[in-house]
Amino acid sequence: RLALAPALDGRDQKVRRALGHVERSLLSRPDPQLLPALRFERACLLLESGAAGEGAAAFTDLVREFPGDAARAEASVLAIAAALRAGRSEEALAALGTLEESGGGIPSIPGAELLPARVHAAAGNLQEALVRARKVAKAGRFARDRVLAGLLTAEIEQSLADGEGMLAAL
């Protein structure tokens, strides 16, 4: 009996193929200097392939096991984003707390400033999400983040049934 795998579009095939190559590289005892980069790439590919939960765990492990790595800040942010994408708002909230309490805080990466508002909104802390979104809308480091924060503010205002606040945010 012939069993066929589900058809994948070109992009999905490429991501899965790349993930397979990275995982084989990790199994072949790579140069220790390359290990953090390979682990980071694996986590990114897991996230891109739709395995957000595994990606979140891979980013979290990378941050814990390689605290001095150059990609640590980005991996911390991506761990939170992956946890959100996986629907794990409590995990994202805990990771956000750890990141905010660390010496570096929220890194200067486009989109990172929006994470606290997104995490609190996903966890149901709408008032806290609103405060954080407003802060980014007014004083965010990146223009794109300020615009998106304004839209997020309006969305949260709508959730709070504040039509006037929503219109003011827009």
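All values below come from the heavy atoms of this structure, side chains included, with hydrogens, waters and symmetry mates left out. All of these numbers come straight from a predicted model, not from anything done at the bench.
Among residues at least two apart or in separate chains, ring pair (Phe, Tyr, Trp, His ring centres under 6.0 Å) pairs with a member in residues 12-58 are F40-F59. For residues 67-91, there are no ring pair (Phe, Tyr, Trp, His ring centres under 6.0 Å) pairs, not counting sequence neighbours.
A salt bridge does not link E113 to K135: none of the charged nitrogens lies less than 4.0 Å from a carboxylate oxygen.
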Just list the side-chain donor-acceptor pairs under 3.5 Å for residues 69-86, sequence neighbours left out, or say none.
from	atom 1	to	atom 2	distance (Å)
D69	OD2	A71	N	3.1
R72	NE	P67	O	3.3
S76	OG	R72	O	3.0

Hey, can you pull the donor-acceptor pairs under 3.5 Å for the side chains in residues 124-131, sequence neighbours left out?
from	atom 1	to	atom 2	distance (Å)
N125	ND2	H120	ND1	3.2
E128	OE2	R132	NE	2.6
E128	OE2	R132	NH2	3.4

Per-pair distances, 0.1 Å, donor-acceptor, side chain in residues 142-149, under 3.5 Å, sequence neighbours excluded:
from	atom 1	to	atom 2	distance (Å)
D145	OD1	G111	N	3.1
D145	OD2	G111	N	2.9
R146	NH1	G140	O	2.7

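For the pair P116 and I106, the tightest heavy-atom approach, listed with the atom from each and the gap, is CG-CD1, 4.0 Å. Pairing each heavy atom of A133 with each of I156, the nearest pair is CB-CD1, 4.3 Å. Nearest heavy-atom pair across L26 and P30 is O-CD, 3.5 Å. Residues A58 and R42 share a closest heavy-atom pair of CB-NH1, 3.8 Å. Between L99 and P107, the shortest heavy-atom distance links the atoms CD2-CD, 4.1 Å. Shown here for S89 and V119, the closest heavy-atom pair between the two residues is O-CG1, 4.4 Å.
With rounding to the nearest 0.5 Å, the separation of CZ in R64 from OG1 in T98 is 11.5 Å. The structure places CG of L45 at 12.0 Å from CZ of R16, a figure rounded to the nearest 0.5 Å. Here the CG-CG distance, from L47 to L19, works out to 11.5 Å after rounding to the nearest 0.5 Å.
Under the 4.5 Å side-chain heavy-atom criterion for Ile, Leu, Val, Met, Phe, Trp and Tyr, I109 and F66 are members of distinct hydrophobic clusters.
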Next item on the list: May I have the step-by-step check of salt bridge (charged side-chain N to carboxylate O under 4.0 Å, His left out) for E155 and R118, ending in yes or no?
Entry: CA-CA 11 Å; E155 185 179 320; R118 290 180 50 216; over 6 Å; no
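Looking at residues two or more places apart in sequence or on another chain, you find no salt bridge (charged side-chain N to carboxylate O under 4.0 Å, His left out) involving E54.
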